[in-house]
Amino acid sequence: MALKIGIVGLPNVGKSCLFNAITNATVSSENFPFCTIEPNSGIVAIPDSRLKVLSDISGSKKLLEATIEFVDIAGLVKGASKGEGLGNQFLSNIRESSAIAHVVRCFEDDNIIHVYDRVDPIDDIEIINSELLLSDLDMVQKLVSSLQKKIKAKQEDDIKCLAIFTKFEESLSNSIPLRKVELTEDQQDLIKGYHFLTSKKVVYIANVSEDNLGKPNDLVTKVQEYAKQSGDEVFVISVKLEEEVSALDAADQLEFLSQYGLNESGLGRLAKSCFKLLGLQTYLTTGEKETRAWTIPAECTAPQAAGVIHTDFEKGFIRANVVSYDDYVTCNGMVGAREKGLLRQEGKEYKMADGDVVEFLFNN
């Protein structure tokens with residue numbers, strides 16, 4: 001399944017520097033507002049040390065990690081939904097994202113200007129959240145108006161959608177994001193083709209200075225308390241440090257990170273935060289041709305997981321041969337796991353676990 005994260009924030013909080021670091025791209029990140037004009041997009045591999053181990057056991061020719069697409073849009077300001085700054089023209093570029101990464105400045109530095117000449121992460125957060133909310137409200141009001149004109153046709157789905165969007169309009173008018181509005185499963189299915197910004201889960205990326213990484217920070221604490229109230233995630237990172245790390249070779253990265261008490265790059269940690277936020281996990285396939293990680297929702301059944309590889313796998317699903325990653329490694333492969341009785345034959349009701357090493361059997 002495609003995992004796409006939209007990066008938002010005020011101008012000059014570290015969005016483009018973060019994008020540079022996690023995609024190892026060269027994106028402008030100058031010290032003035034609206035440096036990012038065109039949206040930047042990059043697909044990056046999610047680090048997973050298990051893949052190399054499995055690849056060595058299987059003698060795989062290729063190794064394919066799961067991926068995340070990051071989209072960096074222009075910094076938003078007050079009034080963006082009404083055309084201020086660069087306006088909300090770029091919000092459409094993140095409407096189809098899986099979640100939103102909201103970069104928040106949590107450091108003091110007189111050499112880096114703030115668009116409002118102060119460092120106040122909660123005020124920054126509320127400016128961006130208000131603009132996302134107003135953009136959704138504008139979209140919902142147009143949908144309500146359109147459906148009211150069509151309602152004379154008495155299409156049952158239109159009537160149901162109108163009721164949902166009217167409920168959305170009331171919530172947004174009261175500054176309640178759509179992710180807090182409860183819908184039935186049928187209602188969710190009915191409007192799944194609509195992409196509302198405030199319906200997406202959010203991870204707040206608290207950008208701190210290198211010197212402050214891993215230390216108490218009152219600004220970060222404020223962000224954590226804010227996120228806790230809304231049920232969102234917080235990820236603390238030094239974007240400047242991650243930019244430095246991204247320029248190093250893989251071997252040198254770990255040595256450099258260890259100086260700051262870290263054993264993993266920001267990308268790896270951010271990927272885990274996104275997975276946790278979205279309730280995702282990975283299963284693994286391995287063989288002579290390739291070793292690969294596949295992204296699936298938690299509680300995903302075996303046939304659904306097979307369908308991520310190809311829809312025919314789900315339609316013709318017979319069973320799944322499953323070994324846990326640890327057992328697979330201990331037994332040096334599927335054959336050894338079978339001999340020791342550690343290979344399980346699972347049917348259609350089996351719920352996949354993170355790190356399952358799987359072979360799917362299906363009818364053509």
Side-chain angles (χ1 to χ4, degrees), residues 1-11 13-23 25 27 36-46 65-76 80-81 86-104 125 127-140 143 168 172 177-181 183 188-189 191-205 207 227 230-235 237 239 266-267 269-282 295-298 308:
M1 58 183 294
L3 180 56
K4 182 176 180 179
I5 307 297
I7 304 175
V8 302
L10 290 173
V13 295
K15 293 189 308 84
S16 295
C17 291
L18 174 68
F19 183 84
N20 284 343
I22 58 182
T23 63
V27 177
T36 301
I37 296 177
E38 294 298 326
N40 296 301
S41 178
I43 297 176
V44 297
I46 301 172
E65 298 101 334
T67 60
I68 299 181
E69 179 180 1
F70 288 95
V71 180
D72 175 32
I73 65 168
L76 302 174
S81 58
L86 292 177
N88 63 358
Q89 57 185 304
F90 298 119
L91 289 176
S92 60
N93 291 278
I94 61 169
R95 281 201 175 275
E96 295 187 23
S97 60
S98 311
I100 288 176
H102 186 158
V103 184
V104 186
I125 287 172
I127 288 171
I128 299 300
N129 286 350
S130 292
E131 295 308 318
L132 300 182
L133 188 145
L134 288 169
S135 181
D136 274 356
L137 179 59
D138 180 62
M139 179 176 171
V140 165
L143 288 168
F168 281 1
L172 292 166
L178 298 184
R179 59 183 175 278
K180 291 190 176 182
V181 179
L183 296 178
Q188 291 173 3
D189 288 341
I191 63 165
K192 65 183 179 181
Y194 298 92
H195 304 286
F196 297 104
L197 295 167
T198 64
S199 67
K200 303 180 190 305
K201 293 186 177 181
V202 177
V203 55
Y204 292 106
I205 300 181
N207 183 14
S230 55
D232 296 317
E233 292 286 325
V234 176
F235 176 73
I237 189 173
V239 171
L267 171 59
R269 292 181 289 119
L270 179 57
K272 289 177 181 176
S273 288
C274 292
F275 267 51
K276 179 181 177 183
L277 183 72
L278 295 170
L280 300 176
Q281 61 186 20
T282 54
T295 303
I296 56 172
V308 173

**Prompt:** Taking C-beta and beyond as the side chain, do L10 and I127 meet within less than 4.5 Å on heavy atoms?
**Reply:** yes
**Heavy-atom pair of closest approach, residues C17 and V239** = CB-CG1, 3.2 Å
**Prompt:** Between D136 and R95, is a salt bridge (charged side-chain N to carboxylate O under 4.0 Å, His left out) present by the stated rule, with each step listed?
**Reply:** CA-CA 10 Å; D136 274 356; R95 281 201 175 275; 3.0 Å; yes
**Fill in**
In this structure, CD1 of I100 is separated from CD1 of I205 (nearest 0.5 Å) by 11.5 Å
**Item:** Closest approach of I43 to T67 (non-hydrogen atoms, all atoms of both residues)
**Value:** CG2-CB, 3.8 Å
**Message:** Rounded at 0.5 Å granularity, tell me how far CG in N129 sits from CG in L134.
**Reply:** 11.0 Å
**Request:** Answer yes or no: is there a side-chain heavy-atom contact under 4.5 Å between F70 and I68?
**Result:** yes
**Prompt:** Any idea which heavy atoms bring L172 and L133 closest together, and the distance?
**Reply:** O-CD2, 3.1 Å
**Complete:** Tightest non-hydrogen contact, residues G6 and S97, listed as N-CB, 3.7 Å
**Fill in**
Output for pair (L183 CG, D189 CG), nearest 0.5 Å, gives 10.5 Å
**Request:** Mind listing the closest non-hydrogen atom pair of V203 and S273 along with its distance?
**Result:** CG2-CB, 4.5 Å
**Complete:** NZ of K15 to NE2 of H102, rounded to nearest 0.5 Å, is 10.0 Å
**Item:** Those residues that, when tested against Y194, pass ring pair (Phe, Tyr, Trp, His ring centres under 6.0 Å) (two or more places apart)
**Value:** F165
**Request:** Return the set of residues passing ring pair (Phe, Tyr, Trp, His ring centres under 6.0 Å) with F168 (not counting sequence neighbours), or none when no residue passes.
**Result:** F196
**Fill in**
Sorted by chain and number, sequence neighbours left out, salt bridge (Lys or Arg N to Asp or Glu O under 4.0 Å) with K272 holds for E264
**Request:** Could you grab the distance from atom NZ of K200 to atom CD1 of I94, nearest 0.5 Å is fine?
**Result:** 8.0 Å
**Flag side-chain contact, heavy atom, 4.5 Å: C274 against I5** = yes
**Asked** Should L3 and L278 count as side-chain neighbours, where that means a heavy-atom distance under 4.5 Å?
**Response** yes
**Heavy-atom side-chain proximity of S230 to K180 below 4.5 angstrom** = yes
**Message:** I'd like to check L18 versus I237 (side-chain heavy atoms, cut-off strictly below 4.5 Å). Are they in contact?
**Reply:** yes
**Item:** Heavy-atom check, side chain of F275 versus side chain of I46, under 4.5 Å
**Value:** yes
**Complete:** Interatomic distance, CZ@F235 vs CG@D232, rounded to 0.5 Å, equals 15.5 Å
**Any V13 side-chain heavy atom under 4.5 Å of N207 side chain** = no
